Amino acid sequence: MKKFLLFSLIIGLFGVDFGWAKPLRVTIYGPAESKIYVFVAEPINLDGKKNSIMVQEVVQCIKVKLKLFPFFKQLSPKDILEQGKINDVARIDYKKFFLSRADIVITIGERYLPDTGKTRIELRTFDVFKQKMILGKAFDLTNQRQVVLMVRKYLGDLLQLIMGNKAFFVNPIVFVHKGIKKSSIYQIFADGFGLKKLADIQGIVLSPSWSFDGEKIVFSVIQHEQHKLGILDLKTGNMQFKKLPGNSCISPVFTPWGDIAVSLDFSGSPDIYLLDKQLKIEKALVKHWGIDISPCFDQSGSKMVFTSSRLGNPHIFLFNLHNNQVERITYEGNYNTSAVISPDGRLIVFSRLTPEGHRIFVHDLKTGQEKQITFGPGNDEEPFVSSDGYFVVFTSNRSGKYKLYYTTINGDGPYLIPTNNISTFSPSWSWVEEKYF
Amino acid sequence: MKIISFLLSCILNLIFIGSVFLSISSNNLRFHKRIIYNVQLVNLQKVKKIVKSEQTKKKIVQKTYTKIQTSPKSVSKPEAIAVTKKISPKKTSKKKKKIENTKKFTQKDIRKLLAQIKQQTDSVAKENELKEQALKEIKAAVQRGADKGSASLGEVYAQICKAKIQSNWRFPVLRFGEHLVAIVKIEFDAEGHIVRADIEKTSGNSLFDASCLKAIQATKQLPPPPSALQERIIFITFDSEELQ
């Protein structure tokens, strides 16, 4: 109103009479809010009976999982007219949801199947604006333990619809738990589901990394004061160790074409070498009198990011595999490490030592902009970006013990990934769906 | 006769003495009043509060308050006399020193105040200059618009519409660097009611396009357009990236 009055005043002041023949044009840069408003409706019993405990658990599970995403804002029944009650999914009064600014509505229907003794849960998601169902799935459940599986499956499909990727629910994260004289490699999903031990290994395991097909995990291990390369084949369950030339074998990773890049020091200072399928040194990828470690490739295999001390302090560099050019990425700070590149090769996520401790930063290769995405307390280290390039998993000792957390490239959260209170190091997020669960 | 004259003289004496007593007692009353008055002056802030509630006292207190603030000379005479009478010669010398000190202090204060006033006047002058510049720019823009027959004021109107629609626009940018742009054509009536909104150019992302239309639908009403606006149409470009 004030703006309009001001506008009228300007017209009055200048007394100009215009005849605008051309239509007006204006550009809006960026939305006011980066949220999707979700309403989870009360479950409907399609047999006309009371809702079972199982369906109540479904509602609870959906609400809990939705809270794991910073871009979802859940509306409560108080926010909606008539408490947002839906009696029939075929006749939804979208107007009351639209007035409450809900973007999507999730409904849960329950039906008992007497023939099989199972409970059918029907999950539907409606787009309030389009006034139509955008996702509908039915699951026949035999017990309550299946509820979480069903909800993860359904929300994964919903994420696929919204984000174009469901990595959060389907791509596993591996991490190292260091014990006495031995280490364990664990796997977990970002929502804390499916924690399981993949292997116990004698010695200290460092920096496990997924193969691009999700079938193998490569790592380095210090056994009997010797650095070795280790490969865990998830398909067969076999583990292979290889002693490579030199004293150190640091931060091995798979290349997109299935070879391994690793930092070895047999010629003096550690340099990054490429190993062939038989684990023989094929060639040096990066060779310098400084220390070169922690290689990481993008999905196309055209870019490799690494850490180097060639300019004195450890900084992040980018190696272009097409023209063999090395480009310096970080200029700020005196200690930048643990760099990973996003699958699309646009973002570099790394850890930087700040006066307050280690923090995670994102560098955009397209714009050259850098952004801090974690703020402690304690140390936030060893970041790894998800295949959608949106989530970033990292370890932090903010609670005293090193635990797993995830944030987003916008710096949302962070959110704790529950790991049964075991210490966690060196997380690595698979860029493909889990194959051998 | 003598007795009568004696009695008359007694009566006259009594009247005289009585009048003297009365005058003294009235003087005493005044003195008490002055004491109360002094107390009020010391507690100026409290007085100020009391003044708000009591309109009769307001004028008196405000006058004294302002007088004290502006110049020490304006302090009421009875008080000044009372103070000077009590001060011994030794004390007066100290008092003089004190007064000198206070004078110095006030000079410093004055200097500070002058500096502050200068700063304030400078900033006000700058603001005025800026306002004048802005006005000139607006006038120039309007003149240009008038010359060209185009829409400088229309642009202002469009900016107001933009602010209103943007406040209703929600969309999560989930893919870093994903740059989505959609153009929506809005038609509105003479009162500013949005009567039609169509995607003129799609972003390629149906969710993004829907978010643009949702923002317009949630806006419903724009400010009434200027009467001179012949074509009641706005093309709004929704850009997912914020300006940096």
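Computed from a predicted model, the values in this text were never measured in an experiment. Chain letters run A, B, ... following the sequence lines, proteins first, then strands; residues in each count from 1.
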### Summary
Between the NZ atom in Lys164(B) and the CD1 atom in Ile28(A), the distance rounded to the nearest 0.5 Å is 13.0 Å
### Message
Heavy atom to heavy atom, less than 4.5 Å: which residues from residues 296-305 of chain A reach chain B?
### Response
none
### Task
Report yes or no: does Gln166(B) contribute a side-chain atom to a donor-acceptor pair with the main-chain N or O of Gly30(A) at less than 3.5 Å?
yes
### Message
If I measure from the heavy atoms of chain A, does Ser211(B) come under 4.5 Å with its side chain, its backbone, both, or neither?
### Response
neither
### Query
Does the pair Thr237(B) and Arg25(A) meet the rule for a side chain to side chain contact (heavy atoms under 4.5 Å, CB included), with working shown?
CA-CA 8 Å; Thr237(B) 305; Arg25(A) 287 184 181 273; 5.8 Å; no
## Note on the structure
Applying side-chain contact (heavy atoms from CB on, under 4.5 Å) to Phe98(A) and not counting sequence neighbours gives Val128(A), Phe129(A), Lys214(B), Gln217(B)
### Query
Relative to chain A, which of Cys212(B), Ser167(B), Ala210(B), Ala215(B) shows the most heavy atom pairs under 4.5 Å?
Ala210(B)
### Query
Excluding sequence neighbours, so at least two apart, what forms side-chain contact (heavy atoms from CB on, under 4.5 Å) with Tyr415(A)?
Pro70(A), Tyr406(A)
## Note on the structure
dist Lys162(B):NZ -> Thr27(A):OG1 (nearest 0.5 Å) comes out at 7.5 Å
### Task
Sorted by first residue and then second, give each salt bridge (Lys or Arg N to Asp or Glu O under 4.0 Å) pair with at least one member in residues 158-168 of chain A; sequence neighbours left out.
Asp157(A)-Lys166(A)
#### Entry: Inter-residue atom distance Phe71(A).CZ - Arg170(B).CZ, 0.5 Å rounding
14.5 Å
### Message
Around atom NZ of Lys130(A), are there more than 12 heavy atoms from other residues, nucleotides or ligands closer than 6.0 Å?
### Response
yes
### Task
Identify which of Ile36(A), Thr408(A), Asp127(A), Asp103(A) forms the greatest number of heavy-atom pairs closer than 4.5 Å to chain B.
Asp103(A)
#### Entry: chain A contact via Leu180(B) - which portion, at a heavy-atom distance below 4.5 Å
neither
